[in-house]
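Below is one structure; the comments refer to it alone.
Counting starts at 1 for both ligands and their atoms, in listed order.
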Amino acid sequence: MQRSSSSLLISEIFCSFQGESTLVGLPTLFIRLAECNLKCSICDTKYAFKATKKMTVKEVLKVIHPFKLQYVCITGGEPVVQKEALSQLVTGLLARNKKISIETNGSLAVGFLPKKVKKVIDVKTPSTGESKSFLVNNLKCISKNDELKFVISNKKDFDFSVRFIKSHKLQELEIPILFSPNLSVKGLASSLLGWILKSGMPITFQPQLHKLIKEKPAYIISRRA
Ligand code: SF4
């Protein structure tokens, strides 16, 4: 399917509970956009690299209209790959008073997003194979509403992340800094707790809720369709 500035390549749309960020646990409508510019070795959404459906922004807004959830999370893949259509979607959702969060991999410029939108920005760690992908300029457009997330698979990832926080003075941004353990690595979560405590840094330990509790999302557009 071809990308265009007025249509969105969709992977899936569903209602479930937010599994990440400080919004964890909130009932949320998820719009998962297709395609990604990175190839992380630990990617758990490879199915989103290819679109299920192409929809105009108007069609997306229409299909989600019956669902009254206040929180909408735009995720991927990498949503910012579809920057033009994404901007239109955000405008439409804000006009409907939705509280929007966007999960982004940190490698593409996010300065065009309105401050009202919570940006949950990844900093890719060495075990992803994409640790050089972070666009440092993105740190200049971070607001108090935003969050930074590091997925930790081993001690090397942890040390890299702590160095990154210190060298970019991230604590001065006064935003949540989330360390999410790779739950497929046995024993890692409890090791991470110990490393965070020992560091003395105000890092939020955040296992992904949806991986701890297997929920059944209510699909509006299913990738299995
Ligand atoms: S940025 Fe996200 S969607 Fe893209 S390859 Fe990495 S984990 Fe997968």
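- Contacts between F49 and ligand 1 below 4.0 angstrom, taking non-hydrogen atoms only, involve the side chain exclusively.
- For F205 and F179, the ring centers are positioned 6.0 Å apart or more.
- Set against the non-hydrogen atoms of L38, the atoms of ligand 1 under 4.0 Å away are 5 (S).
- Below 30°, between 30° and 60°, or above 60°: for W195 and F158 the angle between ring planes is between 30° and 60°, a tilted geometry.
- Ion pairing between a basic and an acidic side chain is recognised when a charged N comes within 4.0 Å of a carboxylate O; D159 and K155 show such pairing.
- Considering only non-hydrogen protein atoms, atom 8 (Fe) of ligand 1 sits nearest to C43 SG, 2.3 Å.
- Counting heavy atoms under 4.0 Å from ligand 1, residue K124 touches it through the side chain alone.
- A donor-acceptor contact closer than 3.5 angstrom is absent between the side chains of S143 and N145.
- In terms of protein heavy atoms, atom 4 (Fe) of ligand 1 is closest to C36 SG, 2.3 Å.
- Contact atoms of ligand 1 toward G77: 3 (S) (distance under 4.0 Å to a heavy atom of the residue).
- Scanning all protein heavy atoms for the shortest distance to atom 5 (S) of ligand 1 gives C40 N, 3.3 Å.
- Y47 and M55 end up in different hydrophobic clusters when Ile, Leu, Val, Met, Phe, Trp and Tyr side chains are linked at under 4.5 Å.
- Using a 4.0 Å cut-off between charged side-chain N and carboxylate O, E20 and K149 make a salt bridge.
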